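Below is one structure, written out as structure tokens; comments come after it.
This structure is a prediction, so every number in the text was calculated from the model and none was measured. Convention: sequence-line order gives letters A, B, ...; per-chain numbering from 1.
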Amino acid sequence: MGGGPTTTHVTSGDLKKVVQDMPPAGGYPDVIFKKATINRGPDGWMIWVGSLLTVAFGFYRVGQCNLERNAAKKEKREARMAIVPYLQAEEDARAVAAKLNQDADEAEIMKGVKDWKVGASVYNSERFWAPPSPVEHPRA
Amino acid sequence: MLYHLGFIIVSLLIIVIPLLISVAYFTLVERKFMGSMQRRRGPNVVGFMGLLQPLADGLKLFAKETILPSNANIVLFVLAPIITFVLSLMGWIVIPFGEGAVVSDINVGILYLFAISSLSVYGIITAGWSSNSKYPFLGALRSAAQMVSYEVSIGFIIVTVVICAGSFNLSTIVLAQSKIWFIIPLFPMFIMFFISALAETNRHPFDLPEAEAELVSGYNVEYSAMGFALFFLGEYANMLIMSGMTTILFLGGWLPLFDIMPLNLIPGPVWFSIKLSIFVIAFIWARAALPRYRYDQLMSLGWKAFLPLSLGWLLFTVACLISFNWLPE
Amino acid sequence: MQTLFYEEYSPILVMSILAVLLSVIILGASFLLSIQKPDTEKLSAYECGFDPYEDARNAFDVRFYIVAILFIIFDLEAMFLFPWVVSITHISSMGLWVMVDFLIELSIGFVYAWKIGALEWE
């Protein structure tokens, strides 16, 4: 038996000669785990202020429109109220003419009846009876 | 009386037939538009530029076999797409296309639309329950819970718009925007309304209940042929109604952009269609661009974010209008 | 009988009948005109390839029920707001504070529901 390793097992002396993949001297640089975003566009406070101004302007215009619509509705309401006397006058004239016609027909029909007063009131009291109004309540 | 009935039927057909055609072409618009956003063409084989594709789709669905599953409750199974389709058509009666161009100008128009969208939940639950199988049932439950959560915030937003306009009548709401469209004072409400409309119609990014990966198209798994087509048409008609509601409530309906001469000549219905198309495009754009919400994120957005915010903004609007005496009568 | 109510609401009735008719025609025509060849595999419920071995009518999560109840509460709150907003000119400041008081009570309920976790996971 000549020169050579004295045993057939692997000794620790053999392990020291293996080349391993080690990190470079000083370690690796730090891992960048934050997102690489670029802050562009308006800042937060600018968005708030801009939104507030837009909303304020919008409500102002809505308010103007509502004031105008209210005025228009009020005008229409008042115009209708203003012509009520004229409508009532027409209706009164028609009612009087109809009552006269009715009296004439009644005198014609009840000609021979004794003690018949033409055009007498059919009610027992002396209260005033108003003919039906031509104007309906707007919400009906 | 018969003449009146005939008149009503003709005016309804004037709405229904173009509506069905536009719903059919909406599906084509969606496919082509999503294709463009994904740098490909949509369907362009069937007609010139794919314009006959909806006809081909309709014919295919018409000719397919109607499968009535053996363990489904047949009456409810057939009734569910009918309910969905009928409700999505019934909303179109009160939408004003122009000045006086509305079939039924009821004084509670916006309340009627709100009621119709609340009733649509019935169609979905009926569909899920009657197809006696696990996936449609779960999909229907989740879809219904999602629709119902976002309806609350839609209700508060509608109340906010009505207080600026003074009436529930849709034509009055449009006319109240003659000086300024409500999108400018109420634009957070507009954003919330649009997002809630996306959630209400089970539309991307809120379409987890009908996502293919999770629930295999949700409550209409068991439907084939015309049942599926009716659900499909109902969903797209619902999207058009939501777009219509958004333009009426926020974008001034049939009013022109400014009340100046060259823009005044364009008729009201054309303006309405242009504004409605903007929202149709926005629906499709949201589908192409955004990832899907998880279900608990979706529900927490509806309950924890939109509800308090819309309620708070309602109080702010009321306070602002009352203190400056700007309330409509 | 040409009252305003009749003029405004009769299209709704006619439209509902028309829409039902239309959908029945569509479904019926498709059912009658297409080739029907039912067999057991086609008619069974969809379960990703497996045979469904139990009924689908089993218990579901209680959170859906809670969401439905919360929806009823808040939808009714919105319903109370609807007549208030059209009549607020007639009840101006006093009406506002009454409604704010109502909304505060419901907000307390909402905060309670949030804190006990009724709005979680769904």
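From C:Ile88, atom CD1 reaches atom CG of B:Leu327 across 5.5 Å, with rounding to the nearest 0.5 Å.
When C:Leu4, C:Leu103, C:Leu81, C:Leu27 are compared by the number of non-hydrogen pairs under 4.5 Å with chain B, C:Leu27 comes out ahead. The most heavy-atom pairs under 4.5 Å with chain B, out of C:Val86, C:Leu22, C:Ile12, come from C:Ile12. The most heavy-atom pairs under 4.5 Å with chain B, out of C:Asp75, C:Leu96, C:Val100, come from C:Leu96. For the set B:Ala229, B:Pro308, B:Ala165, B:Gly302, the entry with the most heavy-atom pairs within less than 4.5 Å of chain C is B:Pro308. Among the candidates C:Leu18, C:Ile26, C:Val24, the residue making the largest number of heavy-atom pairs closer than 4.5 Å to chain B is C:Ile26.
In this pair, C:Phe82 and B:Phe168 present their aromatic rings tilted. The plane angle is within the 30 to 60° band.
Interface residue B:Val16: only side-chain heavy atoms are found under 4.5 Å from chain C. The contact between C:Ala29 and chain B is made by backbone and side chain atoms together, counting heavy-atom distances below 4.5 Å. The part of B:Leu314 that comes within reach of chain C is its side chain, from C-beta onward, which places non-hydrogen atoms under 4.5 angstrom from that chain. Interface residue C:Phe110: only side-chain heavy atoms are found under 4.5 Å from chain B. For a residue to count as touching a neighbouring chain, one of its non-hydrogen atoms must lie under 4.5 Å from one of that chain's; by this rule B:Tyr112 touches chain C with the side chain only. In this structure, chain C has a heavy atom under 4.5 Å from the side chain of B:Leu307, while its backbone stays farther away. Looking at B:Asn107, the atoms closer than 4.5 Å to chain C (heavy atoms on both sides) all sit in the backbone: N, CA, C or O.
Within the 4.5 Å cutoff, the side chain of B:His4 has heavy atoms near those of the C:Ser10 side chain.
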